[in-house]
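Because only heavy atoms are used, hydrogens play no part in the values below, and waters and symmetry mates are left out as well, while side chains stay in. All ligand and atom numbering here is 1-based and tracks the order in the structure.
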Amino acid sequence: MAFLPLQSKNVSDAENARCELLAESQRLFRLRPHSRGGRINHTNEMIFTNARLIFPDGIRDGFEVVVEHGKITAIRPPAPRLRQAGKRVRDNEVVDLNGNYLAPGFIDLHVHGARHRDTMEGSVEAFRAICDFHASGGTTSLLLTTATAPLDEIVKVLQAVRDSRTANTSIAGVHLEGPFISKAKAGAQRAEFIQNPSPTAVRQLLEHADVLKRVTIAPELPGALEAIHAFYVHGISVSGGHSDAWDKEAIAAFDRGMRSATHTFNCMSSARRRGVYRVAGLLEFALSEPDISCELIADSHHVSNTLMKTLYHAKGAQGICLVTDATAGAGLPEGSQFALFGKDCIVKNGVCLLADRSALAGSAACMIDLVRTMVLEVNVPLYEAIGMATENPARAIGLEPKGRLTVGADADLVVLSPQIEVVQTFAAGREVWSN
Ligand SMILES: [Zn+2]
């Protein structure tokens, strides 16, 4: 059996992983995959062969991945055993990946839109177009992200997402970005709709706690600490961002359940003087606290390479979640104009800008672009960059059956070329995009 832990940290890690994999392969004959209800016409069994598998701790050759009814049911050495047992494996059930990489499907916690469509439209068609575009970048689960707007408009989006989720399984829920943010750090968000998190507003949102998975909030706002606690106890991931907080306010938010930072470095306070003393802001708090996971827009525009390296060395591979923060300009040709939160924007040099060029307006990226940036410009091993796009975001929002190549996980998969480009994307074992 070929077993090549090419990028594993050390021999004992690799040996542990090998034992895990063999144990998983032995479970094959015990595991009975459960059906997702029969709406999707899955092939009964698919076997992905001849791939380099990307795990959280390394890349391994010499295994195949078996998928049944939308779930991974085995990861094992190529199995002559099936044929010996008299079971026929038809060619069209075997997917030869020609030595390409196979990774878990990407999970993007921060997506506003793509191709002229925006989450705030609140329509099934818009949601579908956004998910389809991001599938081309390897994303199989995403949080549709709202903009700062009147609360009633945001609630309408939450309702629309609830109505769409059964038909569109790529939608993992909603990320609320505003209106509970700082006017001093609004970025491209519309300042006139910013408000404090009143108990009434929080109650109204918590009626949609089944779809609301993440909230970006500025900890220093009046009422923010109570709101953070309320979101936290409802299982909603709380992320500090668009914030002018001092570290003391960030620490108080952490004590109430804040465990993430939104698009780290962008639209957040950093160290500055208070009187004669230099005091940390939200940025330094996020860098220094191991239990805070940091969003990073690694699109080569929002954050410089030095800053990305700083983040990587401060947080480690497990402390970063790559996010696109993609807007309606993603997927549009150079020079295209589009609207963002009611503001005119333009796609210029591969980035989205306000039409007056005064600020960035989200990104034009998809997730594979960020993975490639981390590998090529930040010198992160590929398997760690993949972890930042899969396992880490799954952990941040409790999306447990996803984000790893492991037995029992959803068969959300992405095939990558050696040049780190997406070749094919599968959701629940079904091809949803191919190059
Ligand atoms: Zn955003």
His301, NE2 atom: more than 12 neighbouring heavy atoms under 6.0 Å: yes

Residue among Thr324, Thr145, Thr140, Thr139 satisfying side-chain hydrogen bond (donor to acceptor under 3.5 Å, both in side chains) with Asp108: Thr324

Qualifying residue, where the test is side-chain hydrogen bond (donor to acceptor under 3.5 Å, both in side chains) with His242 and the options are Lys185, Lys183, His263: His263

His112 N/O/S atom closer than 2.8 Å to the Zn ion (ligand 1): yes

Under 2.8 Å: N/O/S of His110 next to the Zn ion (ligand 1): yes

Aromatic plane relationship, His229 with Tyr232 - under 30° parallel, 30 to 60° tilted, over 60° perpendicular: tilted

Degrees at the Zn ion (ligand 1) between the OD1 atom of Asp325 and the OE1 atom of Glu177, nearest 10°: 170°

